[in-house]
Amino acid sequence: MISRIDLRGNTLPEGGALRDLLPRAEFDVEAALEKVRPICEDVHHRGTAALIEYAEKFDGVKLDRVRVPAEALKEALAELDPQVRAALEESIRRARIVHREQRRDAHTTQVVPGGTVTEKWVPVERVGLYAPGGRSVYPSSVIMNAVPAQEAGVTSIALASPPQADFGGLPHPTILAACALLGVDEVYAAGGAQAVAMFAYGTEECAPANMVTGPGNIWVAAAKRYFTGRIGIDTEAGPTEIAVLADDTADPVHVAADLISQAEHDPLAAAVLVTDSLALAEAVEKELEPQVAATKHIEDRIRPALAGRQSAIVLVDSLEAGLKVVDAYGAEHLEIQTADAAAVADRVRNAGAIFVGPWAPVSLGDYCAGSNHVLPTGGCACHSSGLSVQSFLRGIHIVDYTRDALAEVTHHVVTLAEAEDLPAHGAALKARFGWKVPQK
């Protein structure tokens, strides 16, 4: 059901050479880019009419308008299962606790007497959030996108989610209910690249956004790449990943269950176990079969995901080697199931989020840990972070110098300007002092 990669007995290579030995799904955003280009430009030129046409073509629904009526949001919340509502409310509460602590205050540094630099943090003005609506419904993604944007102070927030034929062309009602709970009342029945184009260019119904965030399929990722520079994005999200670093203290029942939990997302989902224990590897392999047989989405998602090239059990000589492997892999979700798991987790450098010990499974982070589950995939955790309040903030430096403070440093500015053959830069200072460099 799942393959093995045996890295024991050899010195592990460095950097890219090690990454090339590890499993990873193929996710060719560049190839998809050429297919989404005409869709994006069609939305640019025809606006809402194009969105309505693509809803019929891709989603099988005929829309009169793309904006979701306010009454539909209220109705979805009123009809929401009380237990689901309670769970969503608790997820929102915990996410707010964590993300509120991420707020940044302006800070002023006195560089010299009379010379200060202040860094102030300003939220982007308008954000478009994307909530997927393909194989599963993700109200949790609504929470993970909306809460940090709200806590950052973004005042204009809109959300798009694909129209559903089963719900009269509206997004899934649980998505709508989550929006209502969060106070997000600008919602659009639009999916895929066309939804990203709607936010990037604007339409008759939807004002353009400064930024688009949220996970989606390869067409959403390609559209984000297409609009990079015009709008800000969080990340080009690829298929979900879990890596588990475990030793012989780990429970194979837990490990197998956690691998399956991510495999059920998508046939391209990655499930990777890195261990120095052959006994654990064998026990997990044995445990996978009955757990898979007892769950849902077996043939269309879980089995293809576990059997795919992106999933494997990686055998290493030691925990040290295991740490090197998971740092090279840079997993979206990394579980540490070892002795002294907290100390091991503290040594990890590359991961979207780290889950410590047997009582912090990835599923907790997906819903109710308080952490954010919009995380870098495809090894991007080696250089990128998950979604947070900071994602929606811009740092702006404010420079404030007195005459004396400028005079004191003018000779250095003039020297550096002339060294770079940019004499007008220096002249901009000399003009303030009668075209003479002030004496120190």
Side-chain angles (χ1 to χ4, degrees), residues 15-16 29-30 33-34 37 40-41 43-45 102-128 148-149 151-157 196-202 207-213 221-236 376 380-440:
V29 176
E30 195 63 32
L33 189 62
E34 291 308 309
R37 187 187 305 273
C40 293
E41 290 311 307
V43 173
H44 185 195
H45 295 295
Q102 297 173 356
R103 291 177 176 173
R104 294 188 177 187
D105 297 322
H107 178 78
T108 298
T109 302
Q110 180 173 297
V111 182
V112 293
T116 64
V117 175
T118 298
E119 185 172 46
K120 72 172 183 177
W121 294 93
V122 181
V124 296
E125 294 178 21
R126 178 169 167 81
V127 172
E151 294 301 324
V154 179
T155 55
S156 180
I157 299 175
V196 180
M198 174 186 71
F199 286 136
Y201 288 129
N210 306 108
M211 185 176 186
V212 174
T213 71
K224 284 182 176 181
R225 181 175 294 186
Y226 182 70
F227 287 114
T228 298
R230 184 181 185 91
I231 56 172
I233 66 168
D234 50 349
T235 184
E236 295 177 8
C380 291
C382 295
H383 54 73
S384 299
S385 304
L387 202 66
S388 69
V389 167
Q390 281 80 20
S391 304
F392 300 96
L393 295 174
R394 297 161 293 141
I396 301 175
H397 281 179
I398 302 169
V399 180
D400 188 352
Y401 269 55
T402 64
R403 185 185 190 283
D404 288 345
L406 179 62
E408 189 273 334
V409 77
T410 291
H411 67 289
H412 286 312
V413 174
V414 170
T415 297
L416 291 172
E418 291 177 351
E420 294 188 350
D421 194 24
L422 298 171
H425 280 61
L429 274 69
K430 290 191 285 186
R432 287 164 166 76
F433 299 104
W435 299 96
K436 295 180 180 179
V437 177
Q439 298 299 310
K440 292 197 300 180

Step by step, work out the side chain to side chain contact (heavy atoms under 4.5 Å, CB included) result for Leu406 and Leu429. CA-CA 8 Å; Leu406 179 62; Leu429 274 69; 3.7 Å; yes

Backbone of [Y] reached by a side-chain donor or acceptor of [X] within 3.5 Å:
X	Y	answer
Gln390	Gln102	yes
Arg225	Ala221	no
Arg103	Val389	no

Between [X] and [Y], what is the shortest heavy-atom contact and its length?
X	Y	answer
Phe392	Ala152	CB-CB, 3.7 Å
Ala222	Val29	CA-CG1, 3.6 Å
Ala209	Ile231	O-CG2, 3.5 Å
Ala200	Pro208	O-CB, 3.9 Å
Ala405	Gly115	CB-N, 4.0 Å
Ser384	Pro376	O-CG, 3.6 Å

Evaluate the criterion side chain to side chain contact (heavy atoms under 4.5 Å, CB included) for residue pair Leu33 and Glu30; output intermediate values, then yes/no. CA-CA 5 Å; Leu33 189 62; Glu30 195 63 32; 3.6 Å; yes

From [X] atom [atom1] to [Y] atom [atom2], the distance as rounded to the nearest 0.5 Å:
X	Y	atom1	atom2	value
Ser391	Ile233	OG	CD1	11.5 Å
Thr235	Lys224	OG1	NZ	6.5 Å
Tyr226	Glu41	OH	CD	3.5 Å
Glu119	Thr108	CD	OG1	10.0 Å
Thr213	Asp234	OG1	CG	5.0 Å
Thr415	His411	OG1	NE2	6.5 Å

Does a side-chain heavy-atom distance below 4.5 Å link Tyr201 with His45?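 Tyr201 does not reach His45 side chain to side chain.
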
I want to check something: taking the side chain as every heavy atom from C-beta on, are Glu125 and Thr155 in contact at a cut-off of under 4.5 Å? no

Without hydrogens or angle criteria, can the side chains of Glu408 and Tyr401 be said to hold a donor-acceptor pair below 3.5 Å? no

Go through it in stages, so that I can follow the logic: the residues are Val413 and His425, the test is side chain to side chain contact (heavy atoms under 4.5 Å, CB included), and I'd like the CA-CA distance, side-chain angles, deciding distance and then a yes or no. CA-CA 8 Å; Val413 174; His425 280 61; 5.8 Å; no

Hey, mind stepping through Val196 and Phe227 against side chain to side chain contact (heavy atoms under 4.5 Å, CB included) and telling me if it holds? CA-CA 8 Å; Val196 180; Phe227 287 114; 3.9 Å; yes

